[in-house]
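Protein chains get the first letters and strands the later ones, always in sequence-line order, with residue 1 at the start of each. This structure is a prediction, so every number in the text was calculated from the model and none was measured.
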2 protein chains.
Amino acid sequence: MTMSTSSGGRSGRRRGTTQTREAIVVAAQTQFAEVGYDRATFRSIATAAGVDPALVVHFFGSKEQLFHEVMKLPAGLAGAIVDLAQGPRAEIGRRLAEVIVAGFENPASQRIIVGRIRSASQHPEAAELVRQAVAGDLARLTAALDVDQPDVRAVLAGVQVVGIALARYVVRVEPLASMPAERVIELLAPVFQRLLVEPLT
Amino acid sequence: MTMSTSSGGRSGRRRGTTQTREAIVVAAQTQFAEVGYDRATFRSIATAAGVDPALVVHFFGSKEQLFHEVMKLPAGLAGAIVDLAQGPRAEIGRRLAEVIVAGFENPASQRIIVGRIRSASQHPEAAELVRQAVAGDLARLTAALDVDQPDVRAVLAGVQVVGIALARYVVRVEPLASMPAERVIELLAPVFQRLLVEPLT
DNA sequence: GTCTATAAGCAGATAGAC
DNA sequence: GTCTATCTGCTTATAGAC
């Protein structure tokens with residue numbers, strides 16, 4: 001076995017710094033999600049990652065670039081949404097609710113989703129990312145469904161997503177904030193079902 | 001006629017400074033709505049009001065107090081929501097949509113609603129105000145309706161309100177951002193109707 | 001790769017002149 | 001009531017030592 005002492009991952013970037021860099025990535029995502037773009041400072045991110053503030057600058061150059069690098073969603077999520085058009089239409093509301101809530105509840109994607117939404121009111125790129133998710137990924141789903149007013153349906157579904165995220169994770173309104181994920185899916189499913197494939201009026 | 005040279009309003013505060021103070025109030029509301037709590041600085045507010053920055057401090061003491069004073073909703077709006085319980089239940093969804101959208105479209109209350117929601121991700125008091133509107137005003141409406149799960153219904157209706165506000169006025173997702181108010185009412189009415197009085201599952 | 005020192009700018013808030 | 005001057009602290013970002 002020629003495997004070296006460091007951890008896995010053959011492809012991509014060089015060895016050595018990758019561990020520290022990953023700690024910074026997670027710390028930055030967490031800070032953006034918890035306090036938003038403006039209040040997530042190099043210092044607070046570095047402290048959370050247990051590194052020196054200058055190191056964050058050294059790796060990412062500027063705060064804008066740091067946000068850009070760190071707020072990319074795993075490619076699977078957008079794809080999972082569009083793929084819903086393939087399955088049975090009678091349950092598409094529930095299946096969309098499951099995909100969305102799964103994204104919310106997974107810690108890695110939750111940091112990114114909440115970070116985007118919490119920063120959307122402060123940083124133009126964050127607003128653009130939210131806009132793309134709503135008018136992009138969801139619109140591709142409704143377009144594939146061959147229903148009337150696909151853009152209106154997509155934006156109304158998007159309203160649910162950003163509304164739930166804001167109320168549950170940012171503002172923390174009860175009883176939504178403490179609700180089990182399964183209950184959120186149950187409540188969202190019929191709303192999505194109507195907005196996606198049933199008559200709108 | 002003994003009416004003096006100054007403008008109307010017999011009751012309340014003394015004359016003289018009230019004009020400048022009102023200009024600061026509107027400028028502060030506008031800034032909070034457009035750029036949020038952190039980026040709405042004494043300097044930017046003063047510039048927008050055409051006054052000296054120190055004057056803003058002189059009138060309101062601190063930034064927190066300024067936000068507190070200026071983000072109070074006209075008492076009528078919360079009352080109008082609760083009063084909806086009195087009218088015909090078959091149209092309660094549309095009537096709630098009309099009240100909400102009227103609040104959004106009136107410039108004075110729009111500055112406050114959007115200011116609260118845009119600042120909710122940055123300032124704890126702003127988040128608290130949003131929480132009160134959702135779990136307070138809307139919950140009093142659902143409690144008066146004598147339906148099952150009033151708190152869940154209230155928070156789901158609140159999700160619509162904050163979701164629409166965020167998507168239409170903060171993130172500006174199309175086609176929602178450019179949609180006429182009447183169309184927004186049409187789209188919201190059936191959603192509210194179901195969330196308020198129809199079976200949830 | 002990691003850290004110290006520091007530059008340059010803007011924030012909220014205070015003191016006091018007029 | 002209005003404005004000038006200023007204090008203190010924090011921000012992003014750079015230069016350069018080790």
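Counting all heavy atoms, side chain and backbone alike, B:Arg168 lies closest to B:Glu105 at NH2-OE2, 2.9 Å. The minimum heavy-atom distance between A:Phe42 and A:Ser62, with the atom names listed, is CZ-C, 3.9 Å. Scanning both residues, A:Leu84 and A:Ile92, for their nearest heavy atoms gives O-CD1, 3.9 Å.
In this model, no donor atom of one side chain and acceptor atom of the other lie less than 3.5 Å apart for A:Glu34 and A:Thr30.
A:Leu55 has its CG atom 16 Å from the C1' atom of D:dT12, to the nearest Å. One can place CD of A:Gln19 at 13 Å from P of C:dG1, the figure rounded to the nearest angstrom. In this structure, the NE2 atom of A:His58 is 15 Å from the P atom of C:dT4, given to the nearest Å. As a whole-Å value, the separation of A:Asp52 CG from D:dA13 P is 16 Å.
Out of D:dT2, C:dT2, D:dC3, the shortest distance to the side chain of A:Thr20 is found at C:dT2.
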Sequence-aligned protein contact record of nucleotides 11-18 of chain C, with B where the base is within under 4.0 Å of a protein heavy atom and S where only the sugar-phosphate is: SBSB----
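For A:Gln86 (side chain) and A:Val82 (main-chain N/O), no donor-acceptor pair under 3.5 Å exists by modelled atom type. When atom types are taken as modelled, the side chain of A:Gln31 and the backbone of A:Ala40 share no donor-acceptor pair closer than 3.5 angstrom.
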